[in-house]
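Quick caveat: nothing in here was measured; it's all calculated off a predicted structure. For reference, positions follow the sequence shown, starting with 1.
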Amino acid sequence: MKKLLLLLVLTLVLTSCANTKKYNTQIRSLHSVASLQNDVDKVYTQLKRHHPNLHLYISEERLDFKMDSLKKSIDKPLTSYAFYAKIGPVIGSIRQGHINVFAPKKRFKRKEYKALSKKEFTFNDLDFDYLEDTLLVTNTRSKDSFLVGSEVVKIEDEKISDLIAKYKTQITSDGYNTTLQDRVLGKRFAGYYNSDKYFIDSLQVTFKKEDSLFQKVFMRVNKDKKNKDTIPSDSIKKEVVVKLTKEQRKEKKQKAKIERKHNELYGYNKTRDEYIRDIAFIGKDSSVAYMKIRGFMGGKYKKFYEASFEQIDSVKAENLIIDLRNNGGGSLAEIAELYAYLADKPFQFLEAGEVNSRVPFLKMAMSNTSSTGTIIFAGLFSPFIAVHNVLKTKKKDGKLYYKFKQSKLAEPKENNFKGDVYVLINGHSFSASSVLSNQLQASNRAVFVGEETGGAYNSTVAGIFKIYELPETKLKIRIGLMELETPYKQEPGGYGVKPDHVILPTLKDRRENNDPELNWILNTIENKKE
C-alpha cells in the first residue's frame with residue numbers, strides 16, 4: 001500500500017513538472033495563424049454567451065467588424081505576448097472596464113516556487129503617479145527614499161513614453177470618460193510592466209531628478225535580508241535574549257491580540273503596510289471626520305463603520321470627508337452598509353441586474369480556470385445553487401434579471417450622520433466607488449471634489465466573474481456576469497460621476513506632498529464657520 005501511494009505521489013510530481021515545462025514552452029513559442037484566429041473566436045463566443053450587456057457602448061455590427069479585422073490582421077505566427085498586445089485594444093473598444101485580458105505568466109516547479117516565494121522584487125516597492133505626461137515616484141517601501149520625487153525616464157532600453165502609450169491601449173473605463181487611464185497607469189504601472197514581460201529577475205531603470213539623470217538596478221532579494229543594515233554583523237554586540245516572566249508573556253500575548261483585532265477591523269494590508277479603511281479627525285480644531293477608504297474589501301467592515309460613526313457622533317462632528325480616490329471598488333454589501341449611515345430617508349440601492357443565465361453562480365464556478373476543488377464543490381451542491389439562483393432570477397421583456405439583496409427598500413441606520421458630507425473622487429474611483437458616489441450625488445447628500453470617476457454613473461457589469469483561459473495562447477479573459485444598475489440615471493450615459501468642484505493635482509503638488517483637493521474642502525469648512 002505504501003509503495004502504491006509513493007508511486008502515485010511520484011507520478012503526480014513528474015506529471016506536474018512535465019505540465020509546467022510544456023506550459024512555459026507553449027506561451028513563449030510562436031503560434032500558428034489558424035490557432036490564433038481560433039483563440040479570437042473563442043474570446044468572442046465567451047463574451048456573447050456570458051456578458052449581459054455587451055453592446056452598451058458599441059454596436060453589434062461594429063464589434064463584429066473589429067473582431068473580424070483582428071483575425072485578418074493576424075497573418076503570421078505570434079507569441080502569446082504579441083497576441084496579447086493585439087487583442088487588448090479590441091477588447092478595450094467594448095468600453096466595459098471589468099472586461100480584462102491577462103497575459104500568461106511563467107509557471108514554476110514546486111521547488112522553484114518555494115525559493116521564489118522567499119524573495120521580493122524591489123521594483124514592486126515603488127508607488128507611482130502619472131500626471132502631466134510624467135511617471136513620478138511618489139512613495140517607496142524600501143530604504144531608497146531618495147527615489148521619491150524622481151521621474152522615470154527609461155526602463156532597460158524602452159522609453160517610458162513608449163511604454164505608457166502601449167499600456168494605455170490595455171486600459172478602459174466604463175463608457176467614454178478618459179480619467180481612468182492616467183490614474184490607473186500610475187497606481188498599477190509596476191503590475192502592467194510585469195504582465196508585459198515573461199519573467200523579470202532584474203531590470204535597470206533610468207530616473208531624472210532635479211535635471212540629473214541616474215540609474216538603478218532592481219533585483220529579486222531575500223525578504224529577510226531586504227531591510228537589514230549593511231553594517232558587518234561582527235561590529236554589533238549580540239542582543240542578549242531576556243527570558244520573559246509569566247506576567248510579561250501574558251501582557252505580550254494580550255498586546256498581540258489587541259493588535260490583531262485592530263488589523264482585522266481596519267483591514268490591514270501587510271504587503272503595503274497600510275490599512276484599507278481608516279478614520280481620523282483633522283482640521284484646525286480636529287473636528288472634521290476624515291474617512292479614507294482604499295477599497296471595499298477585506299477586514300470587518302460592519303464593525304468598522306459601526307465604531308466609526310459612534311465615534312463621529314460622540315465628538316459631535318458636523319463635517320465628514322470620505323476619500324474614495326484610487327478606490328477601485330469591491331463589495332456591493334459594504335457600500336450599501338456605508339450608505340445606510342449617510343442616507344436621510346428610505347432608499348433602494350440597486351435595481352435588479354440583467355444576467356445571461358438563470359444560474360450565474362454555476363457559470364462562474366464551472367470555468368476552465370476553476371480549481372478542481374471548486375468544480376467538485378459546485379458539482380456536489382449544484383442542485384442547491386441552481387434552486388437559489390433560479391429563485392433569484394425572473395424574466396421581464398425577454399430579458400433575465402437577478403434580484404440583489406440591495407434591490408429592496410432599506411432604512412437608514414438609527415445613528416445615521418446628519419451633517420455635511422464631502423466626497424473626494426478621481427479617475428481611479430471605479431466600480432463600487434462609482435455606484436456609491438451615484439447614490440450620494442443623486443440624493444444630494446454630498447459635495448464632490450476632484451475629477452470624474454472612471455466608473456460609469458448609470459451602471460456597471462460586475463458582481464461575479466467568469467475567467468476563461470484561451471486554449472492556444474493561454475491568455476485569460478475576465479467577464480462580468482451581472483449588470484449593477486442604479487435607480488438613478490443621467491443622460492447622456494457612459495460618463496462617470498462628475499465633481500461639483502473640479503480640482504486636479506499637479507506635479508508640484510505631488511513633489512511637495514500637497515493635497516489641493518483636501519485643502520479646498522478644509523478651507524471651505526473653515527470659511528463656513530467664519
Full working for side chain to side chain contact (heavy atoms under 4.5 Å, CB included) between Q46 and K42: CA-CA 6 Å; Q46 289 291 316; K42 292 285 186 182; 5.5 Å; no
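- Interatomic distance, OG1 of T20 versus NZ of K22, reported as 12.0 Å (0.5 Å rounding).
- Taking both residues in full, the closest heavy atoms of Y57 and G175 are given as CE1-N, 3.6 Å, listed atom of the first, atom of the second, then distance.
- Around the NZ atom of K197, the shell of radius 6.0 Å holds more than 12 heavy atoms that belong to other residues, nucleotides or ligands.
- Counting heavy atoms from C-beta on, the side chains of L338 and Y301 never come closer than 4.5 Å.
- Taking both residues in full, the closest heavy atoms of N416 and A343 are given as ND2-O, 2.8 Å, listed atom of the first, atom of the second, then distance.
- Salt-bridge formation is detected for the pair D182/K168: a Lys NZ or Arg NE/NH1/NH2 atom is positioned less than 4.0 Å from an Asp or Glu carboxylate oxygen.
- Remark: the backbone N or O of S433 is not paired with any side-chain donor or acceptor of S429 at under 3.5 angstrom.
- Checked against a 6.0 Å centroid threshold, the rings of Y402 and F404 count as neighbours.
- The two residues L131 and R183 come nearest to each other via the heavy atoms CB-NH1, 4.5 Å.
- F349 and Y339 have tilted rings, their planes meeting at an angle from 30° to 60° on a 0 to 90° scale.
- Nearest approach of K76 to L36, heavy atoms of both residues: O-CD1, 4.1 Å.
- For E334, the salt bridge (charged side-chain N to carboxylate O under 4.0 Å, His left out) test picks out R277, with sequence neighbours left out.
- The NZ atom of K396 sits 11.5 Å away from the CD atom of E354 when rounded to the nearest 0.5 Å.
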CA sep, side-chain torsions, deciding dist, call: Y341, E306, side chain to side chain contact (heavy atoms under 4.5 Å, CB included): CA-CA 9 Å; Y341 282 100; E306 182 182 0; 3.7 Å; yes
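- Classification of R141 and D273 as a salt-bridged pair fails, no side-chain N sitting under 4.0 Å from a carboxylate O.
- Note: F465 CZ to I99 CD1 = 10.0 Å, rounded to the nearest 0.5 Å.
- In this structure a side-chain-to-backbone donor-acceptor pair under 3.5 Å is present from K466 to M366.
- The aromatic ring centroids of F199 and F108 lie less than 6.0 Å from each other.
- With Q37 contributing its side chain and K71 its backbone, the two residues share a donor-acceptor pair below 3.5 Å.
- Expressed to the nearest 0.5 Å, how far OH of Y275 lies from NE2 of H262 amounts to 4.5 Å.
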Listing, residues 469-476 side-chain donor-acceptor contacts under 3.5 Å, not counting sequence neighbours, or none:
unit_1	atom_1	unit_2	atom_2	d
E472	OE2	H31	ND1	2.7
T473	OG1	D39	OD2	2.8
K474	NZ	P471	O	3.4

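- The local environment of NZ in K405 is sparse, with at most 12 non-hydrogen atoms from other residues, nucleotides or ligands closer than 6.0 Å.
- Taking the side chain as every heavy atom from C-beta outward, E351 and P487 approach each other to under 4.5 Å.
- Between K292 and Y290, some side-chain heavy-atom pair lies under the 4.5 Å cut-off.
- The backbone N or O of A190 lies less than 3.5 Å from a partner atom in the side chain of N194, making a donor-acceptor pair.
- Side-chain atoms of S431 never come within 3.5 Å of backbone atoms of G329 as a donor-acceptor pair (strictly under, hydrogens ignored).
- Side-chain atoms of T374 never come within 3.5 Å of backbone atoms of A365 as a donor-acceptor pair (strictly under, hydrogens ignored).
- Side chains of I385 and V359 form no contact here, defined as non-hydrogen atoms less than 4.5 Å apart.
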Steps toward side chain to side chain contact (heavy atoms under 4.5 Å, CB included) verdict (S173, T179): CA-CA 8 Å; S173 60; T179 57; over 6 Å; no
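- Taking the side chain as every heavy atom from C-beta outward, N438 and T453 never approach each other to under 4.5 Å.
- Aromatic ring centres of H98 and F430: separated by under 6.0 Å.
- A 6.0 Å sphere centred on OH of Y113 holds no more than 12 heavy atoms belonging to other residues, nucleotides or ligands.
- Under the 30°/60° scheme for interplanar angles, the aromatic rings of F417 and F309 are found to be tilted.
- The two residues N389 and R358 make their nearest non-hydrogen contact at CB-O, 3.1 Å.
- Within 6.0 Å of the NZ atom in K105, the count of heavy atoms belonging to other residues, nucleotides or ligands exceeds 12.
- Taken from NE2 in H51 to CE in M482, the straight-line distance is 13.0 Å, to the nearest 0.5 Å.
- A distance-only check finds no donor-acceptor pair linking the side chain of Y23 to the backbone of K106 [under 3.5 Å].
- Judged purely by atom type and a 3.5 angstrom limit, S367 has no side-chain atom pairing as donor or acceptor with the backbone of S370.
- A tilted orientation is assigned to the rings of F128 and F123, their planes being inclined by 30° to 60°.
- Panel note: side chain N458, backbone G494; no donor-acceptor pair is recorded below 3.5 Å.
- Counting only distance, with no hydrogens or angles, the side chain of N426 and the backbone of N326 share a donor-acceptor pair below 3.5 Å.
- Side-chain contact between K166 and Y192: absent, with no pair of heavy atoms (C-beta onward) separated by less than 4.5 Å.
- Aromatic ring orientation, Y176 versus Y495: tilted (interplanar angle from 30° to 60°).
- In this structure the side chain of E483 reaches within 4.5 angstrom of the side chain of V461, judged on heavy atoms.
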L180 vs H428, side chain to side chain contact (heavy atoms under 4.5 Å, CB included): CA-CA, chis, key distance, verdict: CA-CA 5 Å; L180 179 75; H428 199 188; 4.2 Å; yes
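- Ionic pairing of K399 and D397 is not present here: no N-O contact between side-chain nitrogen and carboxylate oxygen is shorter than 4.0 angstrom.
- Counting only heavy atoms from C-beta outward, the side chains of K363 and N356 never approach each other to under 4.5 Å.
- The two residues L265 and F304 make their nearest non-hydrogen contact at CD1-N, 3.3 Å.
- For the atom pair L518 CG and I321 CD1, the distance stands at 5.0 Å (nearest 0.5 Å).
- Heavy-atom contacts from other residues, nucleotides or ligands closer than 6.0 Å to NZ of K302 number 12 or fewer.
- Ring centers of H501 and Y422: at least 6.0 Å apart, outside the cut-off.
- For the side-chain contact (heavy atoms from CB on, under 4.5 Å) with Y44, the lone residue among K66, R49, M67 that qualifies is M67.
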